[in-house]
**Q** 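Shown below is the structure under consideration.
One-based numbering, in listed order, for ligands and for the atoms of each. Hydrogens, waters and symmetry mates play no part in the numbers below; they use all other heavy atoms, side chains included.
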Amino acid sequence: MASSAAPSLPHIRLLATGGTIAGAQTTGGRGYQAGKFSIDALVAAVPQLATLARLDVEQVAAIGSQDMSEAVWLKLAARTQAALDTPDIAGAVITHGTDTMEETAFFLNLVVRAEKPVVLVGAMRPATAISADGPMNLYNAIAVAGRPAARGRGVLVVANDEIHFAREIAKTDTTQVGTFNSGHRGLAGLVNAGRLHLYAPPVRRHTAQSEFSLDGVAALPRVDIVYAHAGMGRELIDATVRAGARGLVIAGVGDGNLGAVPLAAAAEAAKAGVAVVRSSRTGGGVVERNIEVDDDKFGFIAADELNPQKARVLLMLGLTRTREVRALQEMFFAY
Ligand code: GLU
């Protein structure tokens with residue numbers, strides 16, 4: 001669908017993947033189906049979008065983001081890059097479910113080569129809910145993507161009048177509209193009914209400065225996440241190694257810690273050539289090297305500030321370039 005907005009407005013490509021923003025409630029009750037509405041229907045529901053941008057739309061997928069996969073990421077990255085490489089297009093907006101929004105945003109942040117804004121947007125309430133949050137989120141996302149001031153800040157996420165950096169954002173609540181939080185480093189800015197207030201740019205490498213490329217990458221290496229807990233055994237770590245994982249992210253307790261039994265299993269995995277990253281299940285803070293775990297001795301990688309699901313994304317991409325532990329560790333300090 002092409003919009004009838006004035007030609008002087010920025011041209012934005014809207015790439016749809018599904019999610020609750022396109023979700024329909026069937027009975028007025030609590031249940032709903034994600035990805036039910038087409039992107040054309042979502043755009044038609046917000047006629048004010050025509051005052052912000054000339055839109056064209058592309059449906060890349062129609063899934064709840066719990067079904068997001070590496071295959072869809074590869075396709076989405078290619079379609080996003082194609083949009084940004086089109087001279088007339090000022091930026092891209094991607095509709096997406098909120099469950100795995102942070103992973104997709106961080107993946108694109110590492111593989112898309114462009115200064116132009118890329119903005120992911122979702123909603124916590126289905127399109128048919130009372131006080132649905134999707135329409136204003138979509139309006140704000142398109143406002144951000146069309147503004148030259150939003151260029152060069154990496155991939156952004158817009159929700160609940162907030163602008164988040166892909167690297168910092170995490171979903172922190174199962175149902176609340178204010179689910180997204182950007183932790184210690186904080187927000188990229190605010191957007192109030194399309195009016196932008198941008199804060200400091202990100203400090204880590206992203207998009208145009210990223211070393212990662214999907215050229216010739218048909219599939220990503222298998223990286224699993226294992227969640228640590230009191231009384232943990234070694235079975236799940238051994239199982240991921242047996243299943244052929246090339247990388248393993250530990251959602252460690254506290255500062256990325258593991259009890260003695262799973263620690264021995266992780267050390268054996270690292271010795272066998274599996275890249276082992278220690279992240280934390282706490283949801284905040286830094287996992288530094290060699291604090292309670294001797295990373296040098298065991299050949300582990302510290303996740304620095306990345307939560308387990310984002311550490312997995314970086315490790316998958318890192319493993320497309322190297323298996324060398326020291327080089328992989330440097331990536332966790334750089335991105
Ligand atoms: N499971 C849905 C999804 O991620 C719900 C989350 C949402 O979109 O808000 O697509």
**Q** Only heavy atoms of Gly64, strictly under 4.0 Å: list the atoms of ligand 1 that pass.
**A** 10 (O)
**Q** Of Arg278, Arg289, Arg167, which is the lone residue that meets salt bridge (Lys or Arg N to Asp or Glu O under 4.0 Å) with Asp304?
**A** Arg167
**Q** Does ligand 1 come near enough to Asp99 that some N or O of the ligand is less than 3.5 Å from an N or O of the residue?
**A** yes
**Q** Could you tell me whether Lys310 and Glu103 make a salt bridge, using a distance below 4.0 angstrom between a side-chain N and a carboxylate O?
**A** no
**Q** May I ask you to list the atoms of ligand 1 that are less than 4.0 angstrom from any heavy atom of Ala123?
**A** 7 (C), 8 (O), 9 (O)
**Q** Does the side chain of Glu102 come under 3.5 Å of the side chain of Asn307 through a donor N or O and an acceptor N or O?
**A** yes
**Q** Which of the numbered atoms in ligand 1 are below 4.0 angstrom from a heavy atom of Ser65?
**A** 3 (C), 4 (O), 10 (O)
**Q** Check this for me, if you would: do Lys75 and Glu70 make a salt bridge, where the nitrogen-to-carboxylate-oxygen distance has to be below 4.0 angstrom?
**A** no
**Q** Please compare Asp67, Thr98, Thr95 and report which has the shortest non-hydrogen distance to atom 9 (O) of ligand 1.
**A** Thr98
**Q** Would you call Arg13 and Asp56 a salt bridge, using N to O less than 4.0 angstrom?
**A** yes
**Q** Under 3.5 Å between some N or O of ligand 1 and some N or O of Thr100?
**A** no
**Q** Using 30° and 60° as the class limits, which term best fits the ring planes of Trp73 and Phe107: parallel, tilted or perpendicular?
**A** parallel
**Q** Can you sort out which atoms of ligand 1 are near Gln66, meaning under 4.0 Å from one of its heavy atoms?
**A** 1 (N), 2 (C), 3 (C), 4 (O), 10 (O)
